[in-house]
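Here's the structure, in structure tokens; my notes come after.
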Amino acid sequence: MMESKPADAVTGIMIILDGLGDRPVEALDDLTPLEAAETPHLDAAAARGVAGMVRPLQPWVPVGTQVGTALLMGLAPSDVPLLSRGPVEAAGAGLDLVPEDVAFRCNYATLEPNGTGFGVTDRRAGRIDRGTHELAEAIDGMELFGGVQVGFRASTQHRAVVRFRGAGLSPAVTDTDPGAGSEARGVLASRALVGGDEDAERTASLVNEFVMKSHKILSDHPVNIRRIGRGLAPANGLLTRGAGAVTRLRNYVRHLGLKTAVIAGEGTVHGLSYLFGFTTVNRPEFTATTDTDLEEKVGSALVAIENNDLVYLHIKGPDVAAHDLDAEGKRDFISAVDAALAPLLERDIVVAVTGDHSTDSVTGRHTGDPVPAFIVAPRSRRDDVRCFGEQACLSGALGHLTATSFMTAMLDHMHVLQNYRGYEDDFIR
């Protein structure tokens with residue numbers, strides 16, 4: 001770990017626009033939502049620095065938010081296989097974890113009993129965003145066979161997290177969530193990833209018991225009775241995915257000893273911040289949707305850069321709009337983000353802007369397309385890029401680089417890196 005920050009170090013802020021990258025959309029005259037948006041402030045900032053295209057992990061490998069964001073936040077690339085979504089979101093929701101626990105991310109869902117199983121009417125229960133904490137209280141503390149204890153918390157919107165605590169547990173089990181576009185398969189039975197793994201087979205049975213018991217509890221819950229009365233989809237079941245065990249993750253930013261703050265309204269990012277040992281800034285008006293209070297987020301960032309070496313500002317909205325197949329909404333939200341970011345983009349600090357991955361507004365899927373990015377800093381070089389978009393950034397001086405390389409490029413502009421030291425290879429390769 002760095003003993004002291006260099007005297008000439010410069011404060012930095014990385015702005016992560018979740019799901020920023022996209023593909024051309026016919027309804028937007030074959031432009032991407034970013035290219036179609038009104039972004040005068042981002043364009044001007046990009047013109048003062050160097051631009052490029054970030055591929056989060058490997059060329060043309062789609063990634064989830066937890067991987068793309070974690071790498072931008074300094075996760076050692078060799079630790080990516082250890083990064084399970086369940087423990088990350090559990091940490092972000094405030095569930096304490098010990099090494100023997102197994103955690104899963106969950107969706108509140110609308111289920112329909114179907115023989116011995118369940119059909120899936122809506123994987124997101126109408127994107128429920130009210131009453132989820134009351135529902136969680138009814139599940140928290142459930143006991144499963146063998147004395148396994150359940151810890152349960154609501155996360156953002158339809159998302160939740162569950163922790164199993166007991167003896168003989170394993171994360172090597174399959175999801176019960178059929179996945180977007182595969183709802184016709186119904187709720188899947190969890191099973192061991194490898195036959196003959198007794199701990200995994202036991203855990204899979206526990207997951208299936210949890211799904212059954214949860215449906216029974218939630219079906220009669222007052223929140224759902226009220227939702228049905230209002231013509232809304234009931235959150236009468238839970239789908240599990242992303243099983244994992246907690247582990248200590250290596251982080252380059254932490255290794256360098258930088259005082260770091262994370263401003264976000266999304267549970268996964270809160271979890272990463274907690275696991276990395278960063279300060280998390282969150283308020284009720286910071287949501288994981290397009291209704292987040294952008295001005296308050298930027299205001300919090302302006303305060304944070306006065307007291308930290310590095311600040312991460314995460315904005316989820318572009319990804320949400322793309323998953324909803326709303327290219328125009330993604331375009332308009334990016335325009336609103338641009339206007340809100342003006343006070344930050346004008347500061348004489350290191351500013352890096354990119355996304356954790358690309359999300360296609362036509363299919364709603366994460367894709368392996370690289371994400372546009374730029375860095376502007378005091379005395380940074382300049383290239384010929386004059387606007388911020390996928391096509392323009394293709395010719396930028398940063399070239400095509402991984403999320404880890406983009407992060408280290410930012411740290412270099414902050415003057416906090418030393419000459420190459422081979423023992424840090426795990427953090428940068």
Side-chain angles (χ1 to χ4, degrees), residues 12-23 32-35 37 39 41-59 61-75 77 252-253 260 262-264 266 268-269 272 297-298 301 310-319 322 330 333-334 337-338 340-341 344-345 349-359 366-377 380 383 385 387-414:
I13 181 167
M14 182 180 290
I15 300 166
I16 302 174
L17 305 180
D18 201 304
L20 175 66
D22 212 317
R23 292 177 176 174
T32 69
L34 174 58
E35 292 169 338
T39 55
H41 301 101
L42 287 166
D43 292 346
R48 298 196 307 270
V50 285
M53 299 294 284
V54 172
R55 48 180 176 86
L57 188 61
Q58 295 290 341
V61 176
V63 300
T65 292
Q66 82 279 14
V67 172
T69 303
L71 290 168
L72 291 169
M73 291 171 65
L75 176 72
Y252 196 34
V253 172
T260 305
V262 177
I263 298 164
E266 206 273 335
T268 300
V269 183
L272 290 172
K297 273 191 174 180
V298 170
L310 175 59
V311 174
Y312 287 94
L313 173 58
H314 178 270
I315 299 174
K316 182 70 173 178
D319 187 57
K330 184 174 180 178
F333 184 72
I334 291 171
V337 168
D338 178 85
L341 289 177
L344 280 175
L345 298 174
I349 58 175
V350 178
V351 178
V353 180
T354 190
D356 55 343
H357 56 73
S358 292
T359 308
H366 291 191
T367 70
D369 295 271
V371 188
F374 71 83
I375 295 173
V376 59
S380 64
D383 55 25
V385 173
C387 61
F388 187 47
E390 287 86 347
Q391 189 66 30
C393 289
L394 281 171
S395 61
L398 286 175
H400 285 235
L401 68 171
T402 64
T404 299
S405 292
F406 182 71
M407 181 265 303
T408 54
M410 179 187 187
L411 296 175
D412 188 39
H413 281 84
M414 291 170 57

Might you point out which heavy atoms bring [X] and [Y] nearest each other, and give the distance in Å?
X	Y	result
A301	L344	CB-CD1, 3.9 Å
G396	D383	CA-OD2, 3.4 Å
S358	P370	OG-O, 3.5 Å
V350	A377	CG2-CB, 3.7 Å
V269	A264	CG1-CB, 3.7 Å
L71	P77	CD2-CA, 4.0 Å

Could you tell me whether the side chain of [Y] reaches within less than 4.5 Å of the side chain of [X], counting heavy atoms only?
X	Y	answer
P372	M53	yes
T367	P62	no
V371	E390	no
Y252	T408	yes
L345	L42	yes
V63	P56	yes
L341	L313	yes

- line: Contacts of A70 meeting side-chain contact (heavy atoms from CB on, under 4.5 Å) (sequence neighbours excluded), chain-then-number -> L75, L83, L272, F276
Using only atom types and a distance under 3.5 Å, with no angle test, would you say the side chain of [X] pairs donor to acceptor with the backbone of [Y]?
X	Y	answer
K330	D22	no
Y312	T260	no
Q58	V61	no
T32	R23	no

Return the [atom1] to [atom2] distance between [X] and [Y], rounded to the nearest 0.5 Å.
X	Y	atom1	atom2	result
D43	R48	CG	CZ	11.0 Å
F406	L411	CZ	CG	10.5 Å
M407	I375	CE	CD1	11.0 Å

task: Sorted by first residue and then second, give each side-chain hydrogen bond (donor to acceptor under 3.5 Å, both in side chains) pair with at least one member in residues 393-404; sequence neighbours left out.
output: T402-S405
message: Taking ring pair (Phe, Tyr, Trp, His ring centres under 6.0 Å) as the definition, give me every residue that meets it alongside F374, ordered by chain and number, with sequence neighbours left out.
response: F388
task: Please list, chain by chain and in numerical order, all residues satisfying ring pair (Phe, Tyr, Trp, His ring centres under 6.0 Å) with H41, sequence neighbours excluded.
output: none
- request: Begin with the C-alpha distance, continue with both residues' side-chain angles, and end with the deciding distance and a verdict on side-chain contact (heavy atoms from CB on, under 4.5 Å) for V385 and V50.
  value: CA-CA 7 Å; V385 173; V50 285; over 6 Å; no
message: Under 3.5 Å, is there a donor on one side chain and an acceptor on the other for T268 and Q66?
response: no
query: Taking M73 as the fixed residue, which of V262, V253, D356, L310 is the one that meets the side-chain contact (heavy atoms from CB on, under 4.5 Å) rule?
result: V262
message: My understanding is that only residues two or more places apart in sequence, or in another chain, count here; which of them pass side-chain hydrogen bond (donor to acceptor under 3.5 Å, both in side chains) with H413?
response: none
Under 3.5 Å, which donor-acceptor pairs link side chains of residues 13-21 to any protein atom two or more places apart or in another chain?
from: D18; atom 1: OD1; to: H357; atom 2: NE2; distance (Å): 3.3
from: D18; atom 1: OD2; to: T65; atom 2: OG1; distance (Å): 3.4
from: D18; atom 1: OD2; to: H314; atom 2: NE2; distance (Å): 2.9
from: D18; atom 1: OD2; to: K316; atom 2: NZ; distance (Å): 3.4

